[in-house]
There are 2 protein chains.
Amino acid sequence: MAAAAGVSRQTVTRAMNDMPGISASTRERVQQLAAELGYSPSRFAKGLVQGARTSLGLAIPDLTNPYFPAFASSVVEEATQRGWNVVVDDFGHGSGSGLDAVARLGPQVDALVGYLGASSTEAQSIMGRRPVVVLDYPSGQAAGLISFDYAYAAQLALERLMSAQCRRIAYLDADLEGSATTRGLAVATTAADAGIELTLLQSADSASAAREAIRSMLEHDGRIDGLLVFNDLMAAGALKALRDAGRRVPEDCAVIGMDGIPLGELVTPELTTLSLDLRAVGRAAVDLVDNLMSGRIQAGSRDSELVLKHQLVLRQSA
Amino acid sequence: MAAAAGVSRQTVTRAMNDMPGISASTRERVQQLAAELGYSPSRFAKGLVQGARTSLGLAIPDLTNPYFPAFASSVVEEATQRGWNVVVDDFGHGSGSGLDAVARLGPQVDALVGYLGASSTEAQSIMGRRPVVVLDYPSGQAAGLISFDYAYAAQLALERLMSAQCRRIAYLDADLEGSATTRGLAVATTAADAGIELTLLQSADSASAAREAIRSMLEHDGRIDGLLVFNDLMAAGALKALRDAGRRVPEDCAVIGMDGIPLGELVTPELTTLSLDLRAVGRAAVDLVDNLMSGRIQAGSRDSELVLKHQLVLRQSA
DNA sequence: TTGAAAGCGCTAACAA
DNA sequence: TTGTTAGCGCTTTCAA
């Protein structure tokens, strides 16, 4: 490029970056030529010499569950405000586990945020000193941990169902890798503490799977009159199944979801849900990364672990 | 790092990359030390010397409209399969226009895919020779163009409404920067050609705005019996407004949405919609980028412009 | 206003 | 098995 223009590498730099110490005419000539040649400076050479702008990896299990884009959206927004950029990896479809995502993202990013579950510890070891902030897996060994107070959430929901005169309550959990979820455990414990007998159901984490699970449950045992569901997407499927079976919601069976995504206001009846302020979650995650990188917060210290609470949003379904 | 371990830079390279020509003991010692020091190789130096893995920019107007994450998801999947990574920029919330997104992404990526609208031409000029693939803006001057046959789509929808005995049909368009959309134009033209008198409505591109627009329309003119909506998200809002007003769908007013996102199956009644195969759109976009970068397709050539068609999916709302 | 020299951190090729 | 040399493409510092 420098050669083509008949000037020094230096002059090219000055022209491309609108730096001083170059005549307007030279600048224009070089820029013109660059456009013609389709030349653009190597981001690697630039990053190497200038010290890079931060790039944040975001590992998401499933972009088709509206919860995750809502979260991603706020992470991207927060990151953009700091001048960072965000590299997204969706390890939901064929592309493997959270660990695969970390392996792909690792060489590209300065920090990682993600729903990494049991892979958290290994993810942090792949990333070395670069901070990993893990969501919804409090027992992980990552630099930062953001988790949710499900005991509190479960209590809010169960109290609501009880006070709505529900006596035969079921909890529909997501079947992730065959094991019970953190949420499922908390709900079961809270119910037991309150002396509530809970029917446990499971389905894959999708609206259609939840719909099918509830349909089949209704065939065997029609007497459920209160339903708490792992997340809003699955709750939407459950609502559908109840309607298919001719059950009125909330009269015959009350339903409470979890997440608080906008979808809940579009279904009929509108979904009562344990709502998370997703913008706040995204902000917390990016803040934590920021503080971890700047050293204001030590990895693994008290400040590196956040516990967020749900809020019960009453709409029509319970 | 090399110094700290008391070995050469080369040995470090060999250890970190599991390359041959190094004793197992040295490798482990170096890796161990790297872990302790939190050392990880600079991605810039690496990229500089190795020739980078491609990184694809994805500019999205609004991740909170489920259409876009669904699209993003398939782009990420396709890119991952090629070993590329995807840098996402959401220019929806405060973070400005599509052009801002391009400015942010430009220095970071080798190619760009996005809903860039009127910014397409300028986006391509910022990117230089690096290909830009623009969706849904057929008149842009980008290297690649993917657009949709709205005339065909409008015809499918209007025919359906007519054959369902709708006689007073309205079209609810999104109000993007105050101007009519490509979709809106196509619908108006198609209706005019068929001699259908169409009521034109507008609202912001969100479920709640659409709900409010329909609510207010119903107050003034209750006689609409068929409604075509800019996208499924807005259609979901419209459905809500009709229900609020006590109108039965489809008996009193049939509704057809556009996009074919999964949300349509969760609302009540389920949404009849002009569906796009979003996986196919994502695949087409990434394929096009790939072909453009490899030179198999010339920028601006015939093959660089794709027109995709919608399919009418009949559910309950029309 | 322009150019020359040095070096960012890494890896490929070659030598020991 | 290990180390040395050279160079990726850019920007910073200094000299012309």
Side-chain angles (χ1 to χ4, degrees), chain A residues 1-55 83 85 103 105-111 126-130 293, chain B residues 1-55 83 85 106-111 126-130 293:
Chain A
M1 170 65 199
V7 298
S8 72
R9 320 158 63 29
Q10 222 28 252
T11 306
V12 176
T13 294
R14 287 193 267 252
M16 297 305 289
N17 299 4
D18 287 324
M19 296 164 82
I22 181 175
S23 72
S25 70
T26 314
R27 189 207 319 283
E28 276 195 30
R29 193 166 54 81
V30 173
Q31 288 180 347
Q32 175 68 31
L33 190 65
E36 278 167 27
L37 262 44
Y39 161 87
S40 51
S42 149
R43 67 173 177 280
F44 296 102
K46 213 162 171 163
L48 187 55
V49 73
Q50 286 186 322
R53 67 166 28 195
T54 326
S55 107
N85 51 42
L105 289 171
Q108 318 291 331
V109 302
D110 307 303
I126 292 177
M127 291 291 287
R129 279 279 179 287
R130 296 169 295 168
M293 289 202 301
Chain B
M1 170 65 199
V7 297
S8 72
R9 317 160 70 28
Q10 204 38 241
T11 304
V12 175
T13 294
R14 287 192 268 250
M16 298 306 289
N17 298 6
D18 286 324
M19 295 164 80
I22 181 175
S23 73
S25 68
T26 313
R27 188 207 320 284
E28 275 194 31
R29 193 166 53 84
V30 173
Q31 288 181 346
Q32 175 67 31
L33 190 64
E36 278 167 27
L37 262 45
Y39 160 87
S40 53
S42 148
R43 64 173 178 280
F44 296 102
K46 212 162 173 166
L48 186 56
V49 72
Q50 286 187 322
R53 64 168 29 193
T54 23
S55 102
N85 52 43
Q108 318 291 330
V109 301
D110 307 301
I126 291 177
M127 290 291 287
R129 280 279 178 285
R130 295 168 295 167
M293 289 203 300

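This one's a predicted model, so the numbers in the text were calculated from it and none came from an experiment. FYI, side chains are in, hydrogens and waters are out, and symmetry mates aren't considered; it's all heavy atoms of this structure. In what follows, chains carry the letters A, B, and so on, assigned in the order in which the sequence lines appear, proteins first and then strands, with residues in each chain numbered from 1.
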Practice task
Inspect the surroundings of CD in B:Glu28 and state if more than 12 heavy atoms from other residues, nucleotides or ligands are less than 6.0 Å away.
Solution key: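 Atom CD in B:Glu28 is not packed in, count stays at 12 or less.
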Practice task
Find which nucleotide of DNA chain C each of B:Gln10 and B:Phe44 is nearest to by heavy atoms, and output the residue with the more 5' nucleotide.
Solution key: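 The residue closer to the strand's 5' end, by nearest nucleotide, is B:Phe44.
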Ignoring backbone atoms, establish whether [X] has a side-chain N or O less than 4.0 Å from OP1 or OP2 of [N].
X       : N      : result
A:Thr26 : C:dT1  : no
B:Thr13 : C:dA12 : no
B:Gln50 : C:dA12 : yes
A:Ser42 : D:dG9  : no
A:Thr11 : C:dG3  : yes

Exercise for the section: For B:Val12, answer base if it contacts any base atom (sugar-phosphate contacts may also be present), sugar-phosphate if it contacts only those atoms, and nothing otherwise; contact means non-hydrogen atoms under 4.0 Å. Expected result: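 The answer is nothing, as B:Val12 stays clear of every strand by at least 4.0 Å.
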Exercise for the section: For A:Ile22, report the nucleic acid contact type (base, sugar-phosphate, nothing); a contact means any heavy atom under 4.0 Å. Expected result: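 Sugar-phosphate: the residue A:Ile22, judged by heavy atoms under 4.0 Å, touches backbone atoms but no base.
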d([atom1], [X]; [atom2], [N]) in whole Å:
X       : N      : atom1 : atom2 : value
B:Asp18 : C:dT11 : CG    : C1'   : 15 Å
A:Arg9  : C:dG3  : CZ    : P     : 12 Å
B:Lys46 : D:dG7  : NZ    : C1'   : 18 Å
B:Arg53 : C:dC10 : CZ    : C1'   : 17 Å
B:Asn17 : C:dC10 : CG    : P     : 10 Å

Output a table of nitrogen or oxygen pairs between the protein and nucleotides 14-16 of chain D separated by less than 3.5 Å.
none

Under 3.5 Å: donor-acceptor pair, side chain of [X], backbone of [Y]:
X        : Y        : result
A:Arg129 : B:Glu36  : yes
A:Arg14  : A:Met19  : no
A:Thr54  : A:Asp110 : no
B:Arg53  : B:Asn85  : no

Handout entry: B:Ser8 vs A:Leu48, nearer the 5' end of DNA chain D by closest nucleotide
Key =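 With B:Ser8 and A:Leu48 compared, the 5'-side residue is B:Ser8.
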Practice task
Select from A:Ala45 and B:Val49 the residue whose nearest nucleotide in DNA chain D is closer to the 5' end of that strand.
Solution key: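 That would be B:Val49.
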Practice task
Measure the CG-NZ distance between B:Asn17 and B:Lys46 for me, rounded to the nearest 0.5 Å.
Solution key: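 The NZ atom of B:Lys46 is 4.5 Å from CG of B:Asn17, to the nearest 0.5 Å.
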Problem - Spatial distance of atom CZ (B:Arg43) from atom OG (A:Ser55) [nearest 0.5 Å] - result: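 Between B:Arg43 CZ and A:Ser55 OG, I get 4.0 Å after rounding to 0.5 Å.
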Problem - Among D:dT12, C:dC10, D:dC10, the one nearest A:Met19 by side-chain distance - result: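 Nearest listed nucleotide: D:dT12.
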